[in-house]
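These notes are about the structure you will find just below.
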Amino acid sequence: MAQAPTDARRWWDSFNGGEEREVQYHNAMAAQAVAGMVRSTLGPDGRDKMVIDENGDVTITNDGATVLEKMTFNDPFGTMTAHVGFAQRSEVGDGTTTAIVIAGELIRGVRDLLSKGIHPSSIVAGFRTASSLACDKLELLSTSVEDKDDPLFEQAITSNLAGTISGTEGEALAGLIVDAFRQIDDFEEGDYAKRIAVTSRPGRRIGESEVRSGALIEKTPIVEDVPLEFDDASILLVDTPIEVDDSNRDLVADVSNPDRYQRFVDRDSSVCRRIVDRIAEAKVDAVFCQKSVDDEIAQLAKEGIPITRFTPKPDIEFLARLFDSPIVSDLNAEIQNRTGQADISYTESQNTFYLKRNDASAVTLVLRGSTKMVADELERSITDAINFGGQLLSDGEVVPGAGAIEMELAESVRKSAVKQSGREQLAMETFADALERIPCILAENSGVDPLEVLTELRSAHDDGKTDAGINICSGKPTNAYASEIVDAAAVKRNAIISATEAANLVLKVDDVIPATELKTDS
């Protein structure tokens, strides 16, 4: 028996527009569902989501991108909306939930606009005009961040962490991140975040987290009864197998004669011996290999050279940045001057090497957490904050947070909308409404009346208070800069652009055609 249509569905089916609008209705509903899933995670008082994957693994997080990564979407428009968040995180390292919420609110407004008989082309044009105006206004309201010593930089990091860790612990972790940035020298844009590694160690308080000058590599040496403590060690990084080259082996070995067999074994042993001698002659103290290592070579290294195998590629690349040395791909080439220098210590209980350099060009943030789940979520949040910090130093501009920038942009779009003569004006009004939903959701998630907040914020911005945002404790307007609540301008800009394009894509699709159902005679 067919399911009875909802009131909204009856209205949609009866509305003049037929199948095209019906498809757009479905597209909008699917996209809105994704936005509704993550909106409660927005802000310092955002709630966590418990996601249980198909293997039964549990993840507790309030990071919108993590929630979406763990989920499976059967609807293509739900998947498309989720990819707005993925792109946001990839591009600027923050603002995932903001981008998805704005996209969801735009799509919600699309349904109302279509019900008024406004053509999708007019809505698309209105959204694009509003998006361009908002980005231009954002540029005018931005404040420059001079460098990593600028107080605005630390304030932005603290604001970024507020949704995950608040209070003194959040401030302390923000201070550690800023300290990590300050310890490394200036590099090309986008290179900062690559020089700060993050690792978590459960079992202790978050406040015991620390920055270490160097790298921690969780790996066990192949042969353990070798020296594992070195001062100013010479370290070789290898990304190819350290073994006898298979291309040099005989495809068929005649072992019918014991002498022939012994010569075959001796040949391989001599090749292994030459490899170890080359490493020893280069005065290498330790080897970290990304691929496999021949057991005989490892045993020959008992004379004092610790070797690891299957060291993860990210660890090898991070060590290369730490040493500012190349990764060796051919042991037959010159390796004498292709090593890095660091002090080495080894913690057997944690199977971890610590490679320390006082003048390190890369550092490691060691995070603590009471449980593995807490430590893992903390690691995700800190990694995002580091990416955010790297983007902030590249872009160099911040805007007031706490919903202040969205309110100011919405007001600017409304003022421009009244000057429009066509139907795009209504689309621009809808765009402004979507921007204003950000402070409203911040209020909702904090238990504050969103209507009262919206009214007071509108009044404040009408009076020229461009930095007025929501105080989530009192529910009253507050100066975001004075309260040290700031966001990166690039995060807001990218969220607006990607949300606009997502909403326009939903509007442009008027039919969904499964390619597998196409017939050759149609």
Side-chain angles (χ1 to χ4, degrees), residues 39-47 62 94-95 97-98 101-102 105 134 137-145 150-175 178 385 388 392 397-415 432-493 495-496:
R39 60 182 289 173
S40 64
T41 67
L42 185 67
D45 288 337
R47 297 297 179 259
N62 67 354
D94 190 32
T97 305
T98 299
V101 166
I102 294 176
E105 293 301 323
K137 184 67 173 180
L138 185 72
E139 191 73 27
L140 293 174
L141 296 172
S142 299
T143 302
S144 296
V145 176
D150 192 323
L152 284 173
F153 179 65
E154 184 166 357
Q155 291 171 20
I157 298 291
T158 305
S159 299
N160 179 272
L161 289 175
T164 306
I165 313 142
S166 57
T168 56
E169 287 183 338
E171 293 176 2
L173 286 173
V178 174
F388 168 80
L392 181 56
E397 294 182 330
V398 295
V399 291
I405 190 64
E406 285 83 4
M407 290 299 302
E408 188 64 21
L409 296 181
E411 182 183 48
S412 179
V413 170
R414 285 191 202 282
K415 289 180 179 179
D433 291 340
L435 291 174
E436 288 182 342
R437 286 297 296 161
I438 295 297
C440 287
I441 293 173
L442 290 174
E444 289 174 6
N445 292 345
S446 302
V448 180
D449 182 7
L451 183 58
E452 182 179 342
V453 166
L454 183 60
T455 302
E456 294 189 4
L457 283 179
R458 279 182 175 176
S459 176
H461 283 266
D462 285 341
D463 292 340
K465 299 177 180 178
T466 59
D467 301 336
I470 174 179
N471 183 320
I472 59 173
C473 297
S474 66
K476 300 298 181 182
T478 184
N479 186 302
Y481 277 132
S483 300
E484 299 185 356
I485 307 172
V486 295
D487 291 321
V491 169
K492 299 299 183 182
R493 185 185 307 110
I496 290 170

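Numbers here are sequence positions counted from 1.
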Go through Val486 and Val145 one step at a time and tell me if the side chain to side chain contact (heavy atoms under 4.5 Å, CB included) criterion holds. CA-CA 11 Å; Val486 295; Val145 176; over 6 Å; no
Who are the side-chain contact (heavy atoms from CB on, under 4.5 Å) partners of Ser412, not counting sequence neighbours?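 Counting only residues at least two positions away or on another chain, Ser412 forms a side-chain contact (heavy atoms from CB on, under 4.5 Å) with Lys137.
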Which residues share a side-chain contact (heavy atoms from CB on, under 4.5 Å) with Ala410, sequence neighbours left out: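 Ala410: side-chain contact (heavy atoms from CB on, under 4.5 Å) contacts with Ala432, Leu435, Glu436.
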Where do [X] and [Y] come nearest, in terms of heavy atoms and distance?
X      : Y      : value
Ile470 : Leu457 : N-CD2, 4.2 Å
Ala489 : Val399 : CB-CG1, 4.0 Å
Val453 : Ala443 : CG2-CB, 3.9 Å
Leu392 : Ala156 : CD2-CB, 3.5 Å
Thr158 : Ala174 : OG1-CB, 3.3 Å
Arg47  : Thr41  : O-CG2, 3.4 Å

Summary of salt bridge (charged side-chain N to carboxylate O under 4.0 Å, His left out) pairs that have at least one residue in residues 151-161, sequence neighbours excluded: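 Residue pairs with at least one partner in residues 151-161: there are none.
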If the condition is side chain to side chain donor-acceptor pair (under 3.5 Å), which residues does [X] pass it with, not counting sequence neighbours?
X      : answer
Glu408 : His461
Arg493 : Glu139
Lys415 : none

Would you mind telling me which of Asp487, Thr143, Ile405, Val491 makes a side-chain contact (heavy atoms from CB on, under 4.5 Å) with Val398?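 Of Asp487, Thr143, Ile405, Val491, side-chain contact (heavy atoms from CB on, under 4.5 Å) with Val398 is met by Thr143 alone.
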If I take atom [atom1] from residue [X] and atom [atom2] from residue [Y], how far apart are they, to the nearest 0.5 angstrom?
X      : Y      : atom1 : atom2 : answer
Ile102 : Lys492 : CD1   : NZ    : 7.0 Å
Arg437 : Leu442 : CZ    : CG    : 10.5 Å
Asn471 : Lys476 : CG    : NZ    : 10.5 Å
Phe388 : Asn160 : CZ    : CG    : 5.0 Å

Is the shortest heavy-atom distance from the side chain of [X] to the side chain of [Y] under 4.5 Å?
X      : Y      : value
Ser40  : Asn445 : yes
Glu397 : Leu152 : no
Val448 : Ile472 : no
Ile438 : Met407 : no

Residues Glu411, Arg458: salt bridge by 4.0 Å N-O rule: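 No salt bridge links Glu411 with Arg458.
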Got a donor-acceptor contact below 3.5 angstrom from the Ser459 side chain to the Thr455 backbone?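 No; judged by distance alone, with no hydrogens or angles, the pair does not exist.
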